[in-house]
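The structure displayed is predicted, hence computed values, not measured ones. Letters go in sequence order (proteins before strands), and every chain restarts at 1.
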2 protein chains.
Amino acid sequence: MTDQFNTWQAIQGEVLRRIHARDWPPGHPLPNEVDLAAEFGCARATVNRALRALAEDGILERRRKAGTRVALHPVSRATLDIPIIRQEIEAQGKTHDYTLLSRVTGDHPICGKALHITALHRADGAPFALEDRWISLATVPQATSQPFATHSANEWLLAHVPYTHGDITFSAQPAKASEAEHLKTTPGAPLFITDRTTWDHDRPVTVVRLFYAPGYSIRTTIGERP
Amino acid sequence: MTDQFNTWQAIQGEVLRRIHARDWPPGHPLPNEVDLAAEFGCARATVNRALRALAEDGILERRRKAGTRVALHPVSRATLDIPIIRQEIEAQGKTHDYTLLSRVTGDHPICGKALHITALHRADGAPFALEDRWISLATVPQATSQPFATHSANEWLLAHVPYTHGDITFSAQPAKASEAEHLKTTPGAPLFITDRTTWDHDRPVTVVRLFYAPGYSIRTTIGERP
DNA sequence: GATGTCATTATGTATATACATATTAATTCC
DNA sequence: GGAATTAATATGTATATACATAATGACATC
């Protein structure tokens, strides 16, 4: 018991220091929790808390009995916060403006009978993102009574319709003529696209594709200590 | 104490159930940990573990004294695993092929004097991603003795050079003539781009831009229970 | 030698207790 | 009434202990 590390953050910091200093290079096994607790002069639960958090970040790999080791290929594990568009725009100090472009019913391969909504989000008047959304009427019948004329369907859905899970895909696609027109760019221009599908258990809630105006990017960090 | 939930996962599941069932709608405050523990017939630490994990997922918002409430705008918090390209290709059951295109020294605004490497990654022979990388020679002098002819610089760096943090940006950009040629597409084609910068404390390690061949996308899930 | 059993081991988790800390609410003081 | 102080409260964390569980490795068995 050389030093006294008595918070799990301090222990995490010391472990990270040893990893960064190459005392424990990639693939290197760590002492077990009991020994580390003895060395750091703290309880095993505190060591466990520190190492578990590092494992969740992808820095360590842990297996029962096998022990803990420094990740060999520290698959960069980044946490993406995907805000609603209004918040994203307002966070830039700009004013958000929402325009409903169309609102019809139709059929969608995943959603079935669905409300089809297209809308444009602007930031300080400039086109920001084009929204193409389907809302399943089997899952969300209340959507029919919502105009979605002044507020984004996303915010209404988040506040009123539960979902259990979903998936998001990011890609780059060329702008079609109509998309280019709304986003004030040229057909074929590279657009950053997000496709999101959300479910409530096994029932589809909404499928949405967002076309972001040229220049858009999303950013995240890895290994940042708060 | 009606039911007996004695694992933190069971408690997390029950809390999620109540959120999804709209018993606790967005913005709704939860009972405090002591009361929940009494209701669930478990220790407060167990409730804490369950709620803390949900807060990390962005589902709950917690503040001392103020208590716990269901997140009003459940900012979709997705975890992105960014594998090394070879693993990404091999995970698709394809063979990875790496070709060094150029290797010179030059100056880079962030890295200073740096090794500049361009390389092409192929999957089953088809262009997959074009890599444009700068490695700071002040931080990584050993890089000069590495040919990077048959293996990606990324894997060598991960195994031999420590880093503490970094940032990643995703965007869509039109292919320049040379990029289009390597990726066997046409100039102006929309390319999915990732820009990554990594640091070891305050020293830049490497700056890399990856141009992915058309059709590439990254996918993640939200709210998935493992 | 291959296979199955069992003890060992390191992590995973639950519990009771105690104290720390942030934040709000109430109260006192000027 | 407004500012400063204080009390109350919910979460945050540390500790010792106990048992659960997965995975390994050794041993015994066929």
Side-chain angles (χ1 to χ4, degrees), chain A residues 1-16 18-19 24 26-72 74 77 225-226, chain B residues 1-16 18-19 24 26-72 74 77 225-226:
Chain A
M1 196 211 296
T2 53
D3 301 291
Q4 274 286 104
F5 296 92
N6 58 345
T7 72
W8 70 267
Q9 290 95 335
I11 288 164
Q12 194 183 63
E14 173 61 13
V15 169
L16 275 175
R18 293 185 188 183
I19 293 173
W24 292 337
H28 195 275
L30 269 65
N32 70 43
E33 294 186 346
V34 174
D35 292 350
L36 280 176
E39 185 192 345
F40 291 142
C42 69
R44 182 171 80 92
T46 311
V47 172
N48 182 278
R49 179 85 161 82
L51 299 189
R52 181 161 40 82
L54 289 174
E56 279 171 10
D57 290 343
I59 306 210
L60 296 178
E61 287 171 356
R62 321 194 75 197
R63 268 174 36 237
R64 281 181 179 170
K65 164 77 180 177
T68 304
R69 57 181 56 228
V70 180
L72 207 53
R77 189 163 298 168
R225 297 285 102 212
Chain B
M1 192 212 296
T2 52
D3 301 292
Q4 274 284 103
F5 296 92
N6 59 344
T7 72
W8 70 266
Q9 291 95 334
I11 289 164
Q12 195 184 60
E14 173 61 14
V15 170
L16 275 175
R18 294 185 188 184
I19 292 173
W24 292 336
H28 195 275
L30 270 65
N32 71 43
E33 294 186 348
V34 174
D35 292 349
L36 280 176
E39 184 191 347
F40 292 142
C42 69
R44 182 170 79 91
T46 310
V47 173
N48 181 278
R49 179 86 161 82
L51 300 188
R52 181 159 42 80
L54 288 174
E56 278 170 10
D57 290 344
I59 309 228
L60 297 178
E61 288 171 356
R62 321 194 74 198
R63 267 173 39 237
R64 280 178 180 171
K65 162 77 181 178
T68 304
R69 57 182 54 228
V70 181
L72 207 53
R77 189 162 298 169
R225 297 284 101 214

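Remark: A:Asn48 is not in phosphate contact with C:dT13, judged by side-chain N or O atoms under 4.0 Å from OP1 or OP2. One finds a side-chain N or O of A:Thr46 lying less than 4.0 angstrom from the OP1 or OP2 phosphate oxygen of D:dT15. For C:dT13, one of the phosphate oxygens OP1 or OP2 lies less than 4.0 angstrom from a side-chain nitrogen or oxygen of B:Gln9. At the phosphate of D:dA10, neither OP1 nor OP2 sits under 4.0 Å from any side-chain N or O atom of B:Thr68.
A:Val15 places none of its side-chain heavy atoms less than 4.5 Å from the side chain of A:Ile59. In this structure the side chain of B:Leu36 reaches within 4.5 angstrom of the side chain of B:Leu51, judged on heavy atoms. The side-chain heavy atoms of B:Arg77 and B:Asp57, taken from C-beta on, include no pair separated by under 4.5 Å.
In this structure, the CG atom of A:Asn6 is 15 Å from the P atom of C:dC19, given to the nearest Å. The CZ-C1' distance, from A:Arg69 to C:dT11, rounds to 14 Å in whole Å. Rounded to an integer number of Å, the gap from B:Leu51 CG to D:dG12 C1' is 13 Å. Straight-line distance from the CZ atom of B:Arg62 to the C1' atom of D:dA10: 9 Å, rounded to whole Å. Distance, A:Trp8 CH2 to D:dT11 C1': 14 Å, rounded to whole Å. Between A:Gln12 atom CD and D:dA14 atom C1' there is a gap of 16 Å when expressed in whole angstrom units. Computed from coordinates, the B:Leu30 CG to D:dT11 P distance equals 9 Å when rounded to whole Å. Look at CD on B:Glu56: it is 13 Å from C1' on D:dG12, rounded to the nearest Å.
When all heavy atoms are compared, the tightest approach of B:Arg69 to B:Gly27 is NH1-O, 2.8 Å. A:Cys42 approaches A:Val47 most closely through the heavy-atom pair SG-CG2, 3.7 Å. Nearest approach of A:Ile19 to A:Leu60, heavy atoms of both residues: CD1-CD2, 3.9 Å. For the residue pair A:Ala50 and A:Trp8, the shortest heavy atom distance occurs at CB-O, 3.5 Å. Across every non-hydrogen atom of B:Val70 and B:Pro26, the tightest pair is CG1-CA, 3.8 Å.
Side chain of A:Glu33, nearest nucleotide from C:dG12, D:dA14, D:dT13: C:dG12. In this structure, the nucleotide among D:dT11, C:dA16, C:dA10 sitting nearest to the side chain of A:Asn32 is C:dA10.
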I'd like a table of atom pairs between the protein and nucleotides 5-7 of chain C - only N or O on both sides, under 3.5 Å - with the distance next to each one.
none

What's touching nucleotides 20-25 of chain C from the protein side, N or O pairs under 3.5 Å?
residue : atom : partner : partner atom : Å
C:dT21  : O4'  : B:Arg64 : NH1          : 3.1
C:dT21  : O3'  : B:Arg64 : NH1          : 3.2
C:dA22  : O4'  : B:Arg64 : NH1          : 3.3
C:dT24  : OP1  : B:Arg63 : NH2          : 2.5

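A:Glu61 comes within 4.0 angstrom of no nucleic acid atom, judged by non-hydrogen atoms across all strands.
The CD atom of B:Gln12 lies 11.0 Å from the CZ atom of B:Arg52; values are rounded to the nearest 0.5 Å. A distance of 7.5 Å separates CD in A:Glu14 from CD in A:Glu39, rounded to the nearest 0.5 Å.
A donor-acceptor contact under 3.5 Å links the side chain of A:Arg44 to the base of C:dG12.
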